[in-house]
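Here's the structure, in structure tokens; my notes come after.
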2 protein chains.
Amino acid sequence: MTQPPADLSSLIARNRPRYRTATEFVEAALREAILSGVLPGGLPLRQEELATAFGVSRMPVREALRQLEARALVEFHPHRGAVVVEISAEDSADIGAIRAALEPAALRLSLPHLTATDLDLAEELIAEMDAEADPGRMGELNRRFHMTLYARAGQPRLLALTEQHLAAADRYLRFQFAALGYHPRSQDEHGALLAACRRGDADAACALVVQHVALASEQLTAFLKDRPATPSA
Amino acid sequence: MTQPPADLSSLIARNRPRYRTATEFVEAALREAILSGVLPGGLPLRQEELATAFGVSRMPVREALRQLEARALVEFHPHRGAVVVEISAEDSADIGAIRAALEPAALRLSLPHLTATDLDLAEELIAEMDAEADPGRMGELNRRFHMTLYARAGQPRLLALTEQHLAAADRYLRFQFAALGYHPRSQDEHGALLAACRRGDADAACALVVQHVALASEQLTAFLKDRPATPSA
DNA sequence: AACCGATATATTGGATCCAATATCCACGCA
DNA sequence: TGCGTGGATATTGGATCCAATATATCGGTT
């Protein structure tokens with residue numbers, strides 16, 4: 001949430017008591033670990049190992065892994081175990097297409113109900129992004145910026161899906177960020193998007209979101225096609 | 001897949017050997033049972049009961065339930081068990097918004113690659129729907145019709161999400177179908193959509209899908225608002 | 001008679017145990 | 001020397017067992 005996640009064990013010890021069941025806790029920690037790149041794509045996840053790391057038995061780990069499977073964050077190979085799903089140019093494009101479909105829909109529903117506080121918060125997040133250098137925190141800020149604009153849509157399913165894929169895109173974003181550094185164009189687009197929201201111009205805002213997502217996805221896909229064999233994030 | 005699902009036990013005995021692990025099998029059977037309305041919304045799912053019904057121990061049941069939780073088909077209440085998620089007007093509108101976002105995106109990607117065989121199959125499915133009276137099979141045919149048009153999109157994530165929400169909408173569709181009978185307008189829309197696909201007119205086809213989904217969702221939401229306290233499907 | 005509390009019961013959450021399957025390595029054979 | 005076969009090992013899948021929590025029941029008290 002706040003600290004750079006360093007390694008897995010740092011994700012574990014803290015905020016254990018925030019969860020009512022061990023399964024919940026393990027699932028949340030593993031999810032964050034995968035999305036934040038601590039557990040890179042392709043990594044085999046040994047149940048016993050994770051269990052001792054979390055200080056629980058294999059059972060909550062198994063249940064957590066099943067949930068992550070349903071969310072397409074890990075893959076099960078029967079009798080061979082779970083593996084963190086790989087990132088790829090194809091998958092990046094896939095997620096990009098989903099985002100480009102969902103985000104304008106969420107924004108259009110949310111925009112009329114955005115408050116001044118929401119818009120100010122979004123502005124603040126843009127400023128924070130300007131100052132941020134750490135890829136992990138950058139991803140989180142980006143996600144929060146987008147979700148702030150969508151949050152008033154109501155529609156819990158739509159929002160959950162949107163956030164899920166925004167988070168999935170983070171894996172790729174961080175990857176690119178680490179290699180290319182931050183692209184300032186993205187910040188310009190954030191600013192333009194926010195301005196359109198302030199004007200209450202839904203059509204313009206939606207068009208900007210689509211363009212923003214499409215550009216990032218396109219650039220990322222091209223980047224990944226160059227270096228296809230790099231197993232990370 | 002083919003037979004009317006009658007009750008839970010009929011879903012169980014058959015095609016058990018098709019799955020490599022008991023968890024997979026239980027998950028698939030429960031998912032179909034929920035989506036097909038055999039297990040209605042609000043129903044508490046007792047692990048022991050399901051285990052004996054499936055002829056397995058509680059463990060695969062637990063793992064399957066966790067997966068279904070991640071897919072938003074059941075809800076867990078700590079130490080009180082899992083419940084099939086209720087249907088509601090709000091949820092129907094939520095799913096409708098998601099479909100209206102995803103399906104045109106899938107169609108636009110798929111349309112250029114549709115073959116004559118695909119289109120003929122879609123046509124056949126429309127004809128089958130005309131002849132079908134059973135709500136359960138109707139839902140399946142409708143789903144297959146739509147997915148046939150989207151299938152060439154590639155993009156496995158997008159397709160999986162689309163199919164998931166198409167299936168979720170089935171729960172509602174069957175509900176309405178049982179109460180109001182089939183709405184012939186929907187078939188007209190299917191025909192128009194297919195015609196646009198045959199012409200290769202992507203813009204028209206996408207507009208038709210959006211309209212098709214929006215109309216159905218709207219009508220359904222209104223219908224559900226009238227009778228909010230009916231726990232079924 | 002109604003309400004509050006304690007106890008009993010049912011059910012889930014978690015741990016441990018056993019079985020089944022896959023991988024790895026050594027050995028034999030062509 | 002290379003390949004295929006067979007057994008040892010590691011790891012998952014499934015069953016059973018125990019603990020923790022929630023609900024229901026019953027009794028007591030005001």
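Below, chain A is the first sequence line, B the second, and so on; all start at residue 1. Not measured: the values here are computed from a predicted model.
Note: CZ (A/R46) to C1' (C/dT23) measures 10 Å, nearest angstrom. Whole-Å rounding puts the B/Q47 CD to C/dA10 P distance at 16 Å. Distance B/R20 CZ to D/dT12 C1': 13 Å, rounded to the nearest Å. Here the C1' atom of nucleotide D/dG13 and the CG atom of A/L45 are 17 Å apart, to the nearest Å. In this structure, the CD atom of B/E63 is 12 Å from the C1' atom of D/dA15, given to the nearest Å. C/dT11 atom P lies 8 Å from atom CD of B/E49, rounded to whole Å. Rounded to whole Å, the distance from CD on A/E48 to P on D/dG13 is 13 Å. Residue B/E24 contributes atom CD, which lies 14 Å from atom P of C/dT21 at whole-angstrom precision.
Rounded to the nearest 0.5 Å, atoms CG (A/D91) and CD (B/Q155) are 9.5 Å apart. Atom CD of residue B/E32 and atom CD of residue B/E27 lie 11.0 Å apart, to the nearest 0.5 angstrom. Note that the CD atom of A/E140 and the CG atom of A/D170 stand 9.0 Å from one another [nearest 0.5 Å].
Ionic pairing of B/E63 and B/R66 is not present here: no N-O contact between side-chain nitrogen and carboxylate oxygen is shorter than 4.0 angstrom.
Taking every heavy atom of residues 64-76 of chain B and every atom of DNA chain D, no pair lies under 4.0 Å.
In this structure, B/T23 reaches the D/dG14 phosphate: one of its side-chain N or O atoms is under 4.0 Å from OP1 or OP2.
When distances are taken from the side chain of A/T21 to each of C/dG13, D/dT12, C/dT11, the shortest belongs to C/dG13.
Ring-centre distance between A/H165 and A/H146: not below the 6.0 Å cut-off.
Remark: of the listed residues A/I34, A/L30, A/L39, A/I34 is the sole one forming a side-chain contact (heavy atoms from CB on, under 4.5 Å) with A/L73.
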**OP:** Take nucleotides 16-22 of chain D nucleotide by nucleotide from the 5' end and write B, S or -, depending on whether a protein heavy atom sits under 4.0 Å from the base, only from the sugar-phosphate, or from neither.
**Re:** BB---SS

